[in-house]
J.: 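Could you have a look at this structure, given as structure tokens, before my questions?
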Amino acid sequence: MRRFFISGLLVAGLVVLVGVGFLAWIGPRGGLTPVSPASSNARDIQQVYVFIGAFASAIFLVVTVPLALFTIRFRRGRRERSVEGPQIRGHTRLELTWTAIPVLILVVIAVFTFWKLDGIRNPAPAAAAGDELVVRVEGRQFYWRFLYPNGAVSYDTIRLPVDRVARLEVTSPGWDVIHSFWVPALGGKVDAIPGMARELKLHPTRTGSFEGKCTELCGIQHGAMLFTAEVLPEDEFDSWLAGATEQEGLGEQIFNSVCAKCHFAAPEYAPNIAGNPALQDAAQVEDIVRNGFRRMPPVGRDWTAAEVDALVEYLGGQGGG
Ligand code: HEC
Ligand SMILES: [Cu+2]
């Protein structure tokens, strides 16, 4: 019996050690836990994660600790191999209990999840619904294009005001492929499906810069399809938005977010175009960008004239040196 308790202590100690090691490991690196939430959606998602995680951890211990103890306690020891063990024939009450408890756990988890789901999908307090900011989000090979109601456009950086609901219309052009929009700190992900808009409502509650990425394997430079979500104080956002129609620095933004990802980052696929004379010819640039060129997809087929002009102007400035 004493040996039984000693082994029990050893097992318990091991479990605690592993648990502490696990926490230390995820602590600074954020490893397996969700990133710290910066929106009401992400907060609700994290609550569901923690709620289900608590049940999962408890069940893990309830199964593994007795399993380890029983393995030691009831091992064969010095008994003959041929000796029969006690013949146990079932225990109705025990069997009913271990059927009922999991069912109950699943019901509790389902109720909690469905209760949270509404706030995750629809974080808008009904009163503030009219004040939504609508942003069109386009996933394209291999960049993100964000369009605001006043005509402002931004590449690979989406700016949102804090404490206000943003309704994102996530889509992809009909000639592109499926992408998927995800900013873990702000909430769930939604697919960008060619020719079809899907809605994602976010309610940022904290300012800051948050990482986003495409989570649908969408081609050779899928891994470069990263972007940033910047949550700004309301007044800073408003002044940015008002000034953004000036398109300052847009050409450089387009070059870095679009052209560079293929032409400088994937030499096995796209040639280096530094100093290519075609870049100095506005008509050629427009033709290549709008229609594609051999293996190059039409990356800017429906860009506005202002966007193409900004790119042409930027490329022209590059060629002089
Ligand atoms: C999705 C990847 C991709 C993106 C994005 C991309 N290109 Fe290309 N580009 C290619 C590939 C691949 C080729 C080579 C096509 C071939 O020869 O089959 C190419 C060829 C070119 C050429 C012709 C090079 C030559 O052979 O003389 C030019 C010029 C060019 N691209 C400019 C641009 C510009 C400007 C942008 C940004 C607006 C851009 N590309 C964005 C993939 C890309
Ligand atoms: Cu993608």
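Numbering of ligands and ligand atoms starts at 1, following listing order. Values below: every heavy atom of this structure, side chains too, minus hydrogens, waters and symmetry copies.
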J.: Can you check whether Phe181 and Phe227 have ring centres sitting under 6.0 Å from each other?
T.: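 They qualify: ring centres under 6.0 Å apart.
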J.: With nothing but distance in play, are any N or O atoms of Tyr269 less than 3.5 Å from an N or O of ligand 1?
T.: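 Not met; the criterion fails.
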J.: Would you mind reporting whether Leu311 and Val289 have side-chain heavy atoms less than 4.5 Å apart?
T.: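 Heavy-atom side-chain distance check passes, below 4.5 Å.
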J.: Within the 4.0 Å heavy-atom shell around Leu311, which atoms of ligand 1 are there?
T.: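 Atoms satisfying the 4.0 Å criterion: 38 (C).
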J.: Indicate yes or no: at least one non-hydrogen side-chain atom of Asn272 is less than 4.5 angstrom from one of His263.
T.: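 No, too far: nothing below the 4.5 Å cut-off.
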J.: Could you check atom 26 (O) of ligand 1 against the protein and tell me its nearest heavy-atom contact, residue, atom and distance included?
T.: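 Going by distance alone, atom 26 (O) of ligand 1 is nearest to Phe293 CE2, 4.1 Å.
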J.: Determine whether the side chain, the backbone, both or neither of Ile220 has a heavy atom under 4.0 Å from any heavy atom of ligand 1.
T.: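 Within the 4.0 Å criterion, Ile220 makes no contact with ligand 1.
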J.: Among all protein heavy atoms in this structure, tell me which lies nearest to atom 29 (C) of ligand 1, with the distance rounded to 0.1 Å.
T.: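 Of every protein heavy atom, Ile288 CD1, 3.5 Å lies nearest to atom 29 (C) of ligand 1.
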J.: What protein heavy atom lies closest to atom 1 (C) of ligand 1? Include the residue and the distance to one decimal.
T.: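 Here the closest protein heavy atom is Cys262 SG, 2.8 Å.
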J.: If you check every N/O/S atom of His179, which is the one nearest the Cu ion (ligand 2)?
T.: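 Atom name of the closest N, O or S in His179: ND1.
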J.: Considering only heavy atoms of Val299, which atoms of ligand 1 have at least one such atom less than 4.0 Å away?
T.: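 So the atoms of ligand 1 that pass are 4 (C), 5 (C).
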J.: For ligand 1, which part of Pro271 has a heavy atom less than 4.0 Å away: the side chain, the backbone, both, or neither?
T.: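 Only the side chain of Pro271 comes within reach of ligand 1.
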J.: If the cut-off is 4.0 Å to any non-hydrogen atom of Cys259, which atoms of ligand 1 fall inside it?
T.: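 Near Cys259, meaning under 4.0 Å from one of its heavy atoms, ligand 1 has 34 (C), 35 (C), 36 (C), 37 (C), 38 (C), 39 (C), 41 (C).
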J.: Does the side chain of Glu307 come under 3.5 Å of the side chain of Tyr155 through a donor N or O and an acceptor N or O?
T.: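 Yes, because at least one side-chain N or O of Glu307 sits under 3.5 Å from a partner of the opposite role on Tyr155.
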J.: Below 2.8 Å, can you find an N, O or S atom of His222 next to the Cu ion (ligand 2)?
T.: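 False for His222.
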J.: So, Arg140 side chain and Val299 main chain: donor-acceptor pair closer than 3.5 Å or not?
T.: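 Yes, the answer is positive, given that a donor and an acceptor are paired below the 3.5 Å cut-off.
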J.: Run the ring-centre check on Phe112 versus Phe55 and record whether the distance is less than 6.0 Å.
T.: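 Distance test on ring centres: not under 6.0 Å, no.
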J.: Is any N, O or S atom of Met225 under 2.8 Å away from the Cu ion (ligand 2)?
T.: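 Checking Met225: at least one N, O or S atom is under 2.8 Å.
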J.: Flag the pair Trp240 / Tyr148 as yes when their ring centroid distance falls below 6.0 Å, and as no otherwise.
T.: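 For Trp240 and Tyr148, the ring centres are under 6.0 Å apart.
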J.: Show the atoms of ligand 1 that are less than 4.0 angstrom away from any heavy atom in Pro297.
T.: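 Counting from 1, the qualifying ligand atoms are 1 (C).
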J.: Looking at Arg167 and Val134, would you say the former's side chain and the latter's main chain have a donor-acceptor pair under 3.5 Å?
T.: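 Checking the backbone N and O of Val134 against the side chain of Arg167, no donor-acceptor pair under 3.5 Å is found.
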J.: With only distance considered, is Gln141 within less than 3.5 Å of ligand 1 through an N or O on each side?
T.: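 No, there is no polar N/O contact under 3.5 Å.
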J.: Identify, by atom number and element, the atoms of ligand 1 in contact range of Phe142, meaning under 4.0 Å from any of its heavy atoms.
T.: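 Listed by number with element, the hits are 1 (C).
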J.: So, Arg145 and Ser154: side-chain donor and acceptor under 3.5 Å apart, yes or no?
T.: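 Looking only at side-chain atoms, Ser154 and Arg145 do not form any donor-acceptor pair under 3.5 Å.
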J.: Would you check if there is a donor-acceptor pair between the side chains of Asp118 and Asn122 at a distance under 3.5 Å?
T.: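 No pair is found: no donor N or O on one side chain lies under 3.5 Å from an acceptor on the other.
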J.: Exactly one of Leu202, Val183, Leu186 should register a side-chain contact (heavy atoms from CB on, under 4.5 Å) with Leu168. Which one does?
T.: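 The residue from Leu202, Val183, Leu186 that satisfies side-chain contact (heavy atoms from CB on, under 4.5 Å) with Leu168 turns out to be Leu202.
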J.: Which heavy atom of the protein is the closest neighbour of atom 25 (C) of ligand 1, given with residue, atom name and distance?
T.: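 Heavy-atom neighbour on the protein nearest atom 25 (C) of ligand 1: Asn276 ND2, 3.5 Å.
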J.: Taking only heavy atoms of Val289, which atoms of ligand 1 are found under 4.0 Å from at least one of them?
T.: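 Once the distances to Val289 are compared, the set is 38 (C).
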J.: Take atom 8 (Fe) of ligand 1 as the vertex and measure to NE2 of His263 and SD of Met296; round to 10°.
T.: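 NE2 of His263, atom 8 (Fe) of ligand 1 and SD of Met296 span an angle of about 180°.
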